[in-house]
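Naming convention: chains lettered A, B, ... in sequence-line order (proteins, then strands); numbering from 1 in each chain.
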Amino acid sequence: MSPEDQLAVLTRGTAQVLSEKELLEKLKLGRPLRAKLGVDPTAPDLHLGHTVVLEKLRQFQELGHQAVLIIGDFTAQIGDPSGRSKTRPPLEREEILANAETYTAQAFKILDKGKTEVVFNGEWFNKMSFVDVIRLNSKVTMQQMLQREDFKNRIAKNQEVRLHEIQYPIVQGWDSVEVRADVEMGGTDQLFNILVGRDLQKEQGQPGQVVMTLPILEGLDGVQKMSKSLDNYVGVAEEPGEMYGKLMSISDALMGRYYTLLLGEAMDEGAHPMELKKSLAERVVSRYHDEATGAAARADWDTRFSKKDLSAADLPACDLGQERRVIASAALGYAAVGEKRSNGDIRRLVQQGSVQLDGEKLSDPKAELPADVSGKVLRLDKKRSVRLV
RNA sequence: GGGUAGGUACCGAAGCGGUCAAACGGGGCAGACUGUAAAUCUGCUGGCUCAGCCUUCAGAGGUUCGAAUCCUCUCCUGCCCA
């Protein structure tokens, strides 16, 4: 593919590219470009928000370029302040390594493993002496760091900014020098960090990397960015039903965004919003599982929620044993779906009519279930139900 | 280092000796309505063997019949000055 055509593909869907002209020049070099993406293994699950940028990296691979995936095992110990209004807690080393493992496994659902160079940035940072660190710091000015919006805002609001946080962009930037990146991509919140990398490269006599940012995907709440720590995400490794259900819960206003950023296409405004949402959910599930699973998730959802027919749905089994007290039974139900709830929580759900046996509200916490419950469906809340054994 | 303002539940924020498991707002959860959307109304939102009991208001002591509220020390944060 000609450099011009490649440029058209690569810039599609991006938030900004600094600059397209430079990217074109690099493409004309005729060698595979080194396209860098840094990920922070702060939690084990990759979610749809990450896929926006991973899909872009895959495009680079498809065009014959070299993907360089940097696992920020070192940076995760600092905590990226990007987009944060608070200091992020750093992680324990073992936790980070375990997370990194799951992370890469999931990233290869999108990336071509054979064409991806995976590096841990601890490789170089763990070897640095304190003098090296000070020297690295000398390449950047305080004023540059203070230009950054997150810091500016926090300072304006009298919130703390700790010194380790201003190291983060410098450290991430140095990664670009180490891997000699030609292009670095990231969410729009990474603009500052990526620019620091570009400056550091120039400082070291390398050509500066092209900066490519991609729009940030809003989380299920439709307001804040999708993030593990805000628990508003859909993980790429999640169960089909879970994934489908989460996608169905997004607001109509959000759907258009998901269509463009996840499916890479414009949403058909004419169709019924619910149809659009079902189709979005089905396609995303299909992508991370397979077509048949996507269709099955949709069919299951239809019986469970559209037809409200829980009896036919595929539910987790739950053996109550001799237990018949309502609260204790519901607690066993939650255990069966892998959730922990306090008795107070459950009592509340019962009193408010959320807990139901075959569609009948069990609103008295002191009542007991009938002796024979086998085959009956115990509904716990909107999303969770179990089949009693 | 000096001065000063603070540290209350998931977050923000009242309370400043008893009637405080702690107002109010946000968030979250549930019910009604629905398309597991939005909007709206209602309820709940520390734990438990739940009409009662237990553990909380940065931490440790103390005063008091009684402390989130008063005193002492400690830790932490903001702001101003150096």
* So, for A:H50 and A:Y103, is the gap between ring centers shorter than 6.0 Å? -> yes
* For B:A32, does OP1 or OP2 lie under 4.0 Å from any side-chain N or O of A:K361? -> yes
* Asked: With both distances under 3.5 angstrom, what nucleotide forms a Watson-Crick or G-U wobble pair with B:U72?
  -> B:A60
* Using the P atoms only, state how far B:G2 lies from B:A14, rounded to an integer number of Å. => 29 Å
* **Distance between C1' atoms of B:G6 and B:A13 (Å, rounded)** => 13 Å
* Asked: How long is the line joining CD1 of A:I327 and C1' of B:G47, in whole Å?
  -> 13 Å
* Send over the distance from A:E275 CD to B:U36 P, rounded to a whole Å. => 12 Å
* Per A:F305 side chain, nearest of listed nucleotides B:G35, B:A51, B:U36 -> B:U36
* **Rounded C1' spacing from B:A67 to B:G59 in Å** => 16 Å
* Asked: Considering only the P atoms, how many Å lie between B:C44 and B:U8, rounded to the nearest integer?
  -> 25 Å
* Hey, are the side chains of A:P215 and A:R257 touching, using non-hydrogen atoms and a 4.5 Å cut-off? -> yes
* Check every atom of B:U36, B:C44, B:A37 against the side chain of A:R348 and return the nucleotide holding the closest atom. => B:C44
* Interatomic distance, A:K382 NZ vs B:A32 C1' [rounded to whole Å] -> 11 Å
* Structure fact -> Among B:G35, B:A38, B:A30, the one nearest any side-chain atom of A:K277 is B:G35
* Asked: In the strands shown, is B:A13 matched to any nucleotide by a Watson-Crick or G-U wobble pair with both distances under 3.5 Å, and which?
  -> none
* For B:G1, the Watson-Crick or wobble partner whose two distances fall under 3.5 Å -> B:C81
* **Short side-chain N/O contact from A:R347 to OP1 or OP2 of B:A30, under 4.0 Å** => no
* Between B:C10 (P) and A:D345 (CG): distance, integer Å -> 13 Å
* To do: May I ask you to verify whether the side chain of A:D221 and the base of B:G27 hold a donor-acceptor pair under 3.5 Å?
  => no
* To do: Apply side-chain hydrogen bond (donor to acceptor under 3.5 Å, both in side chains) to the pair A:E323 and A:S329, showing each step before the final yes or no.
  => CA-CA 6 Å; A:E323 190 57 74; A:S329 302; 5.0 Å; no
* Among B:U36, B:A38, B:C44, which is the nearest nucleotide to the side chain of A:Q352? -> B:C44
* Asked: To the nearest angstrom, how far is A:K278 atom NZ from B:A37 atom P?
  -> 13 Å
* Take atom P in B:C57 and the same atom in B:A23, then report the distance between them in whole Å. => 16 Å
* Quantified in whole Å, what is the P atom distance between nucleotide B:U64 and nucleotide B:G78? -> 38 Å
* Structure fact -> Sorted by position of nearest nucleotide on RNA chain B, 5' first, the leading residue of A:K366 and A:K246 is A:K246
* **B:C48: pairing nucleotide in any strand, Watson-Crick or G-U under 3.5 angstrom** => B:G52
* Asked: Charged N to carboxylate O below 4.0 Å: is that the case for A:K225 and A:D189?
  -> yes
* **Closest listed nucleotide, where the reference is the side chain of A:W301 and the choices are B:A37, B:C44, B:U36** => B:U36
* Integer-rounded Å distance: B:C50 P and A:R325 CZ -> 9 Å
* **Listed nucleotide nearest any side-chain atom of A:R379, set B:G35, B:A38, B:A30** => B:A30
* Asked: So what does A:L254 hit on the nucleic acid, given a heavy-atom distance under 4.0 Å: a base, only sugar-phosphate, or nothing?
  -> nothing
* Asked: Taking the P atom of each, how far is B:C75 from B:A82, in whole Å?
  -> 26 Å
* Is the closest basic N to carboxylate O distance between A:R58 and A:E55 below 4.0 Å? -> yes
* Does the side chain of A:N343 get closer than 4.0 angstrom to OP1 or OP2 of B:C50 through an N or O atom? -> no
* A:E339 has an atom CD; how far is it from atom P of B:A30, in whole Å? -> 11 Å
* Does A:H272 or A:V355 map to a spot on RNA chain B nearer the 5' end, using the closest nucleotide for each? -> A:V355
* To do: May I ask you to decide whether A:D199 forms a salt bridge with A:K202, counting only side-chain N to carboxylate O separations under 4.0 Å?
  => no
* Looking only at atom C1', what distance separates B:C70 and B:G17, rounded to whole Å? -> 8 Å
* To the nearest Å, how far apart are A:Q224 CD and B:C11 C1'? -> 11 Å
* Base, sugar-phosphate, or nothing: which does A:G245 touch, judged by heavy atoms less than 4.0 Å apart? -> base
* Single-linkage hydrophobic cluster A:L57~A:M1, side-chain heavy atoms < 4.5 angstrom -> yes
* Asked: Phosphate oxygens OP1/OP2 of B:C48: is one of them under 4.0 Å from a side-chain N or O of A:S342?
  -> yes
* **Counterpart base for B:C33, defined by Watson-Crick or G-U wobble contacts under 3.5 Å** => none
* Asked: Can A:E22 and A:R198 be counted as an ion pair, charged N to O under 4.0 angstrom?
  -> yes
